[in-house]
**Q** 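Quick one: the structure is below, questions incoming.
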Amino acid sequence: MSGDLRIDGLKSPLAGPFDLSVPAGTCLAVMGASGAGKSLFLRMIADLDPNDGEVWLGASARSSMSAPAWRRQVVYVAAESGWWSDDVADHFKTGQKQDAADLAERFGLASELLQAKVARLSTGERQRLALVRALVGHSPALLLDEPTAALDQDSIGKVEQALKERLAAGLTMIMVTHDPSQAQRLGDQRRVIAGGRIEAAA
Amino acid sequence: MNPIILHPLDLAIASSLLVADAAISILLKLRLYDKILISSGRMVIQLVAIGFLLRFVFSIHQPAVTALIIILMVLIAAREAAARPERKLKHAAGFWIGLASIASATVLTALFALTTALRPHPWYDARYAIPLAGILLGNILNATSLTLDGFLGGVAREKSAIEARLCLGAGFWEAITPFIREAIRRGLVPIINQMSAAGVVTLPGIMTGQILAGLDPIEAVKYQILLMFLLSGGSGLAAAGAAYLLALRMTDPRQRLRLDRLK
């Protein structure tokens, strides 16, 4: 399943309403000051916070499926990565390990890291592994919250290259970034959020 | 054997130990003697009052009065259980969750004991029902408040870990089960410690009291063993009930983690 991501009157007491459409295979880059509501926007799409409105992926409405089924299709990767076990390996399903090792290598991560303890990872390593964890699921849509904030230029390039390939293969993506040049490089559309609302095309 | 009856004069002599406390407080400038005075005064008044109240309730044989007293005790315990955790739920939800789990665990365990092991006539005899409810409540309250504290603290601390699982498509119950387990485990630690230390490190209070009151040690021990079983059963029921109710409170039909329901 893949398709356009269509956001229709999405709102909560804190942010919105948002009305947007992101065609399949493209990236919407979202910018804005800290606290403007960018993360709230992504969290509402992923149905992590209470909200009103409808989101469509292709022909399927979010309200027509269970929340876990929706979140498997439209995967949100938070700015601060979360880990529910001490070992990195526990965060990957058995069938995903090879895929994860390949992606980790592409992102400039040593393959031993997949056998390491989470507590020993640096912030940048955690961020890249959290992205690997989301990418191995091959979901049709990704919501990325500052996915390269803790990375050096070299790693940023590697991550962006992998994302571009996924976009070319049909991925629908919304990405929050503080870096205007990254928004230029990846964003097919660019928007600014201020005060919990879409302000303008950037 | 007859118990040694204490006279008011005996208690007055014992209270002279408070003078020693006061002296220590003054010598070491602890500024505690007013607190010692007030708290010991409160203790005497409260206990004498409850003694007369119990004597009265035991004598009138009114099940409704017995029930009323137990309900009051349960309400106070629920309030205590909800007040202790560091993180609290909005809209007094902690009180209601505490009330539901404490009341059901206490009533179930007490009824079980009164109809099987103890069997007084009638089974609701206040002389048995009220002290039994009291000792059960003390332990069940402890288990419940530890469970509340463990669950709410754990969930608030591990928000990003729980949401990371939800974001990858896990169901809420899959993501929250480790926290339910950990909270129940925390609630049961005190009773497990009590059981393993009983008789070796400590002589439990009930047993000591019965021995001092003249009961044969073996009879006192049997009572204590029965009580320990009841307490562990009651604590387990209350901790499990509280943990599942808390988990229900922290989610919604869209399987979100509703930390906005915390204060």
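No experiment lies behind these values; they were computed from the predicted model shown. Each chain gets a letter, A, B and so on, in the order the sequences are listed, and its residues count up from 1.
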**Q** Tell me, yes or no, whether the heavy-atom count around A:Phe92 atom CZ, taken from other residues, nucleotides or ligands under 6.0 Å, exceeds 12.
**A**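 It does: A:Phe92 CZ has more than 12 such atoms within range.
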**Q** Give the minimum heavy-atom separation between A:Gly82 and B:Ala164, together with the two atoms involved.
**A**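 So the two residues come closest at O-CB, 3.5 Å.
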**Q** Which donor-acceptor pairs lie under 3.5 Å between chain A and chain B?
**A**
residue: A:Arg43; atom: NH1; partner: B:Glu163; partner atom: OE1; Å: 2.7
residue: A:Arg43; atom: NH2; partner: B:Glu163; partner atom: OE1; Å: 3.3
residue: A:Arg43; atom: NH2; partner: B:Glu163; partner atom: OE2; Å: 2.9
residue: A:Asp47; atom: O; partner: B:Arg256; partner atom: NE; Å: 3.1
residue: A:Asp47; atom: OD1; partner: B:Arg256; partner atom: NE; Å: 3.3
residue: A:Asp47; atom: OD1; partner: B:Arg256; partner atom: NH2; Å: 2.5
residue: A:Asp47; atom: OD2; partner: B:Arg254; partner atom: NE; Å: 2.8
residue: A:Asp47; atom: OD2; partner: B:Arg254; partner atom: NH2; Å: 3.3
residue: A:Asp49; atom: O; partner: B:Arg256; partner atom: NE; Å: 3.4
residue: A:Arg62; atom: O; partner: B:Arg254; partner atom: NH2; Å: 3.3
residue: A:Met65; atom: O; partner: B:Arg254; partner atom: NH1; Å: 2.9
residue: A:Met65; atom: O; partner: B:Arg254; partner atom: NH2; Å: 3.4
residue: A:Arg71; atom: NH1; partner: B:Gln255; partner atom: O; Å: 3.3
residue: A:Arg71; atom: NH2; partner: B:Arg254; partner atom: O; Å: 2.7
residue: A:Arg72; atom: NH1; partner: B:Gly169; partner atom: O; Å: 2.6

**Q** Using ring pair (Phe, Tyr, Trp, His ring centres under 6.0 Å) as the criterion, list what pairs up with A:Phe41, not counting sequence neighbours.
**A** A:Phe18
**Q** According to salt bridge (Lys or Arg N to Asp or Glu O under 4.0 Å), who are the partners of A:Asp154, at least two apart in sequence or on a separate chain?
**A**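 In terms of salt bridge (Lys or Arg N to Asp or Glu O under 4.0 Å), with neighbours along the sequence ignored, A:Asp154 is linked to A:Lys158.
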**Q** Answer yes or no: is there a side-chain heavy-atom contact under 4.5 Å between A:Val77 and B:Cys167?
**A** no
**Q** Between B:Gly169 and A:Pro68, which heavy-atom pair has the shortest distance, and what is it?
**A** O-CB, 3.4 Å
**Q** Assess whether atom CZ of B:Phe229 is packed by more than 12 heavy atoms of other residues, nucleotides or ligands within 6.0 Å.
**A** no
**Q** Sequence neighbours excluded, which residues qualify as side-chain contact (heavy atoms from CB on, under 4.5 Å) partners of A:Ala183?
**A**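 So A:Ala183 forms a side-chain contact (heavy atoms from CB on, under 4.5 Å) with A:Ala29, A:Met31, A:Thr177, A:Arg190.
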